[in-house]
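Inspection log for the structure reproduced underneath, given as structure tokens.
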Amino acid sequence: MDFNRLFHLSTKTHIAKRLHALLVVSGEAHNIFFSTRLVNLYANLGDIALSRQAFDLIPTKNIFSWNSMISSFVKNGCFQNAIHCYYQLLTTRVRPDFFTFPVVLKACGCLSDGKKIHSWVFKMGFCLDLFVAASLIHMYSRFALVGDARNVFDEMITRDLGSWNAMISGFCQNGKAAEALDVFREMCIEGVKMDSVTVSSILPVCAPLNDLVTGMLIHVYVIKHGLAFDVYVSNALLNMYAKFGSLELARKVFDQMLVRDLVSWNSLIAAYEQNHDPITALGYFIEMKQKGFQPDVLTLVSLASIVSQSGNVRNSRSVHCFIMKRGFIAEDIFVGNAVVDMYAKLGNIDYARKVFEAMDAKDVISWNSLITCYTQNSLASEAMEIYNTMRGREKIVPDQGTLVSILPAYSHVGALQQGMKIHGFTIKVGLQADIYVGTCLIDVYAKCGRLNDAMLLFGHVPRRSSVPWNAIIAGHGIHGHGEKSLYLFEQMQEEGVKPDHVTFVSVLSACSHAGLVDRGQQCFKLMRDKYFIEPGLKHYGCMVDLLGRAGQLEMAYEFIKNMHVRPDASVWGALLGACRIHGNVELGTIVSDRLFEVDSENVGYYVLLSNIYANVGKWEGVDKVRSLAKNRGLKKTPGWSSIEVNNRVDVFYTANRSHPQSEAIYKELKVLMDKMKNIGYVPDYSFVLQDVEEDEKEQILSSHSERLAIAYGIITTPPKATIHIFKNLRVCGDCHNATKYISKITEREIVVRDSNRFHHFKDGDCSCGDYW
DNA sequence: ATAGGGTTAG
């Protein structure tokens, strides 16, 4: 009986079992050669239980048997068992050898017992063995101990290709691209030729180093030496081209592959997904499934992003189900985070929250994703709440992404003191020079009325990218310092920083707030002629606002008619606002018709129109708007105002009575109202759309959120202290007027930042005059 | 009969 031949033919578990039985029958089961081969055979077929059984039945085990058992465990991912088996071996009289250590070290690399083994290996003097040394280098690298890895590498007397590869990949996988290339060059100098393993380790660092040339030279080498047939090599090439955005080349590499695996498909799908082509990516996903490949976690991460990019809410649900069915959300943090992010981008906050809650393990990115979900959907209080909960978790340390996600929430509600705390934190953890964190802080300071501090910070942030410039230009803009914005814009160009579309939004709105009509028009022209940026809706909105505020209503109207994209509600809304300022009823009526075509649900626009009619005494117009508003199911964006007192941000919603100091607030408002009326305040009821009696209208006006916040400020801060208020919508015209009176009565400066700009109230007047 | 170094992510 030729058992060797039978071993060779056993390609399925049931055949292996027959062979096993045959060995028992023919009395060969105790033969140490055959029984050890059985251990390996079962392991290679993926049946670790049978492999172990076969091992246990070996009466006197030699080092071959032990090595086979340990490596069987490792091959099947049972690292703990492998190490346990190794310790068992140490209790016997059999001694481990050169073959034992590489496998054990591999198991250690996947667990956490590295140091211990290291000292042991050195004691035994086995380190001189090439295979052991390579395993050690690899293991240290896995624990991010590249220094130790390098020491082992340097102490080696002879090196083979495997040693070089282990060191290079060790550096690559720890993000030490430059060091990796150094070792690589050293290897070339010593005349060692790279193989497919070298190539697939080194290719992934080309993109982070922004070195496409090296990547392409390696590609040439690959073709010349026939390495392209290796899946690892081709996959690495595909990924490299994808990271450089060269989709055609990535696609070409994929097309020329003879064998493709799951990684190839995942890489191709991710390539298109990350270069913002979700449609093509989805096509490849479908093709991949048709070819019989089962998607894994990485496929699903891309898929989630594909769905959110294409904005398809229905698909998002089926992706969610698909992932849930396989239990991936609980198991895999990456997938869970990707799904949270998907729902966040689709604006489905409840689902994002639910998925977040359902995750077994959460890391910083999970928290960041949820915080971003809230900030991007303008829910600052919720974002702050989540951030505070996160800070309560010991194991989670905020990173750059956390700060970038929470700071906009602070800007949004004017939480200056909270923002300053983060500023301190950035200095502590060495993030003060980060462009993105720095820019968010500039925005916080600017939006909290601290322009000087914003400028100071701007001086310390690297400014070779447009990002911090955009923030500081916009910061001056909302304070009405248009000239300063334009000056910074000039300076930016002089320093050779290229403005982007965000820059122009900042510049144009700065011009419109400061009434710089000519300069604004020049900038608009510059944007297209010099920088070849096609204006978007926001740029058009700024221009309409700019012309409209300046009284050029017809010109603004013409401007809209000549737009290259369909005007949205904000563009028409800007013109309607201008009609109100300049009391143009005829154009206002026309504009409102067009406006309600694109957005008939926003109650603010009805208020604006009713206002236009009321100002010229056209009461039938007011009635018409009122019934129009009543007949349509209006979506009312809840108005809120916030104020920060003693490190705490309080948010007031209109007519809210749930605040602990509610009673005192309403009492204060009553007192104020009487005093205001005595010195000439008359409520303007055209800001109330509800069809109710006059005294009730007065009640509605004086429970607007901005007044609640101001009253709260008055009763909680020392006399004559400046009050800072933040409102999410535009300040109501009647409240604007009332605040002037309040500033006079209380002898306080009141600073109100609304969705549009800053209003400084002082001594019965406002910095913006009667604009609101 | 047994051994090292490789490609994809939020």
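To find a chain, count down the sequence lines: A is the first, B the second, and so on, and within it residues start at 1.
Remark: the backbone N or O of A:Val39 is not paired with any side-chain donor or acceptor of A:Ser68 at under 3.5 angstrom. With hydrogens and angles disregarded, no donor-acceptor distance shorter than 3.5 Å links the side chain of A:Asn368 to the backbone of A:Ile371. Distance alone, capped at 3.5 Å, places no donor-acceptor pair between the A:Ser305 side chain and the A:Val301 backbone.
Nucleotide B:dG4 holds its P atom 15 Å from the CE atom of A:Met156, rounded to whole Å. Here the P atom of nucleotide B:dG6 and the CE atom of A:Met139 are 14 Å apart, to the nearest Å. Atom CZ in A:Phe131 sits about 12 Å away from atom C1' in B:dT2, given to the nearest Å. Counting to the nearest Å, the C1' atom of B:dG4 and the CD1 atom of A:Ile70 are 15 Å from each other. With rounding to whole Å, A:Ile137 atom CD1 is found 11 Å from B:dG6 atom P. When the P atom of B:dA1 is taken as reference, atom NZ of A:Lys61 falls 21 Å away, rounded to whole Å. Spacing between atom CG of A:Asp363 and atom C1' of B:dA9 amounts to 12 Å, rounded to whole angstrom units.
Under the stacking criterion of a centre-to-centre distance below 5.5 angstrom and an interplanar angle below 30°, A:Phe33 is not stacked against the six-membered ring of B:dA1. Here A:Phe99 counts as stacked on B:dT2: its ring centre is under 5.5 angstrom from the base ring centre and the planes meet at under 30°.
Both the sub-6.0 Å distance and the 45° axial angle are not jointly satisfied by A:Lys291 relative to the ring of A:Phe293. For the pair A:Arg326 and A:Phe322, the cation sits on the ring face: its NZ or CZ lies under 6.0 Å from the ring centre, inside 45° of the axis.
The residue A:Ala338 sits apart from the nucleic acid: no heavy atom pair falls under 4.0 Å. Within the 4.0 angstrom heavy-atom criterion, only backbone atoms of the sugar-phosphate kind lie near A:Ser135; the bases stay farther away. No engagement by A:Asn31 is indicated, since no non-hydrogen atom pair under 4.0 Å with the nucleic acid exists. Residue contacts for A:Ser369: at a heavy-atom cut-off of 4.0 Å it reaches no nucleic acid atom on any strand shown. Note on A:Ile333: a base of the nucleic acid sits closer than 4.0 angstrom, heavy atoms only. Within the 4.0 angstrom heavy-atom criterion, no nucleotide atom of any strand lies near A:Ser302. Within the nucleic acid shown, A:Val233 comes within 4.0 Å of at least one base atom, counting heavy atoms only.
Applying the ring pair (Phe, Tyr, Trp, His ring centres under 6.0 Å) rule to pairs touching residues 37-56 of chain A yields A:His20-A:Tyr42, A:Phe55-A:Trp66, sequence neighbours excluded. Within the structure, side chain to side chain donor-acceptor pair (under 3.5 Å) pairs that include any residue of residues 52-63 of chain A comprise A:Asn62-A:Ser65 (at least two apart or interchain).
Put simply, the side chain of A:Asp332 and the base of B:dA9 share no donor and acceptor less than 3.5 Å apart.
Exactly one residue among A:Leu89, A:Asn67, A:Thr100 makes a side chain to side chain contact (heavy atoms under 4.5 Å, CB included) with A:Val94. That residue is A:Leu89.
Of the residues in residues 263-296 of chain A, A:Val263, A:Asn266, A:Ser267, A:Gln274 come within less than 4.0 Å of DNA chain B through at least one heavy atom, sorted by number.
Distances shorter than 4.0 Å separate none of the side-chain N or O atoms of A:Lys243 from OP1 or OP2 on B:dT7. Within the 4.0 Å cut-off from OP1 or OP2 of B:dG4, at least one side-chain nitrogen or oxygen of A:Lys106 is found.
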